[in-house]
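Before any comments, here is the structure.
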Amino acid sequence: VQLQASGGGLVQAGGSLRLSCAASGRTFSRYAMGWFRQAPGKEREFVAAISWSGSSIDYAGSVNGRFAISRDNAKNTVYLQMNNLKPEDTAVYYCAADNSYSTVVSARSRYWGQGTEVTVSS
């Protein structure tokens, strides 16, 4: 599986962005997907995850209520809608995929995208 993240950019605090992660391969619908982020000088951290069916979703506490993860299996794409962005959301955002949902959540996914940069100005 190859993952291509896009949608990052520069936005003012309080604004919104939608990230997309397009996956190659015909078995996308069988993969759990996740979003992670890494701010300068910090470790990569979990943001959100969604199971292959969409029935299980988890968020980091810092983004719960502001971000929403979703997927369109027909388009082999997972999305991260980010609302009410804050300067502390500034980071490179990565998408990840694995057969196991728990593996995605624990940042041990087999497949990772290249990252898309999000900058939130105050």
Side-chain angles (χ1 to χ4, degrees):
V1 175
Q2 291 185 327
L3 305 175
Q4 181 73 38
S6 61
L10 173 63
V11 63
Q12 289 188 332
S16 298
L17 282 175
R18 189 176 81 155
L19 305 183
S20 299
C21 177
S24 64
R26 295 175 291 177
T27 58
F28 171 79
S29 62
R30 299 184 181 181
Y31 284 92
M33 302 293 297
W35 287 98
F36 292 77
R37 67 187 182 186
Q38 187 168 16
K42 295 187 177 181
E43 294 186 352
R44 187 174 298 186
E45 65 175 359
F46 169 77
V47 175
I50 186 169
S51 62
W52 68 270
S53 66
S55 61
S56 294
I57 289 176
D58 283 287
Y59 296 100
S62 59
V63 307
N64 197 21
R66 299 187 298 120
F67 291 10
I69 188 171
S70 62
R71 66 189 297 158
D72 185 337
N73 288 340
K75 296 182 178 180
N76 282 11
T77 302
V78 64
Y79 304 98
L80 185 68
Q81 178 66 44
M82 305 187 295
N83 300 324
N84 190 21
L85 283 160
K86 303 176 180 181
E88 51 263 42
D89 295 318
T90 294
V92 177
Y93 284 71
Y94 300 88
C95 57
D98 201 278
N99 295 106
S100 165
Y101 183 73
S102 61
T103 299
V104 169
V105 173
S106 62
R108 294 179 290 114
S109 296
R110 185 182 314 175
Y111 305 106
W112 291 85
Q114 87 292 355
T116 184
E117 188 168 5
V118 172
T119 303
V120 184
S121 62
S122 58

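A distance of 8.5 Å separates CD in Glu88 from NZ in Lys42, rounded to the nearest 0.5 Å. A distance of 11.0 Å separates CH2 in Trp112 from SG in Cys21, rounded to the nearest 0.5 Å. Atoms CG and OG1, from Asn99 and Thr27 in turn, are 7.5 Å apart once rounded to the nearest 0.5 Å. For the atom pair Arg71 CZ and Ser51 OG, the distance stands at 7.0 Å (nearest 0.5 Å).
Ring planes of Phe36 and Phe46: perpendicular class, angle over 60° (limits at 30 and 60°).
In terms of heavy atoms, Val120 sits closest to Thr90 at N-OG1, 2.9 Å. Listed here is the closest heavy atom pair of Val104 and Ala49: CG1-CB, 4.1 Å.
With hydrophobic clusters built from ILVMFWY side chains whose heavy atoms lie under 4.5 angstrom apart, Tyr31 does not share a cluster with Tyr94. Hydrophobic clustering (ILVMFWY, side-chain heavy atoms < 4.5 Å, transitive): Tyr111 and Tyr93 are in one cluster. Residue Met33 is grouped with residue Trp35 when hydrophobic side chains (ILVMFWY) are merged at heavy-atom distances under 4.5 angstrom, including chains of intermediate members. Hydrophobic cluster membership differs between Tyr79 and Val105, with clusters built from Ile, Leu, Val, Met, Phe, Trp and Tyr side chains linked at under 4.5 angstrom.
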Residues 52-65 side chain polar contacts: donor-acceptor under 3.5 Å, at least two apart:
from  : atom 1 : to     : atom 2 : distance (Å)
Ser53 : OG     : Ser55  : N      : 3.2
Ser53 : OG     : Ser55  : OG     : 2.8
Asp58 : OD2    : Tyr101 : OH     : 2.5
Tyr59 : OH     : Ile69  : N      : 2.9
Ser62 : OG     : Arg37  : NH2    : 3.4

Side-chain donor-acceptor contacts of residues 4-16 below 3.5 Å, not counting sequence neighbours, with atom names and distances?
from  : atom 1 : to    : atom 2 : distance (Å)
Ser16 : OG     : Asn83 : OD1    : 3.0

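A side-chain contact (heavy atoms from CB on, under 4.5 Å) with Met82 is found for one member of Asp89, Val118, Val47 and no other, namely Val118.
Inter-residue side-chain proximity for Gln81 and Phe67 is flagged as unmet; no heavy-atom pair is nearer than 4.5 Å. Between Leu19 and Thr116, some side-chain heavy-atom pair lies under the 4.5 Å cut-off. Considering only heavy atoms from C-beta on, Leu3 stays 4.5 Å or farther from Phe28 through its side chain.
Every residue two or more places apart in sequence or in another chain was checked for a side-chain hydrogen bond (donor to acceptor under 3.5 Å, both in side chains) with Arg110, and none qualifies.
Proximity of a side-chain donor or acceptor of Thr103 to a complementary backbone N or O of Ser109 within less than 3.5 Å is not detected. Looking at Ser24, its side chain does come within 3.5 Å of a backbone N or O of Gln2 through a donor-acceptor pair.
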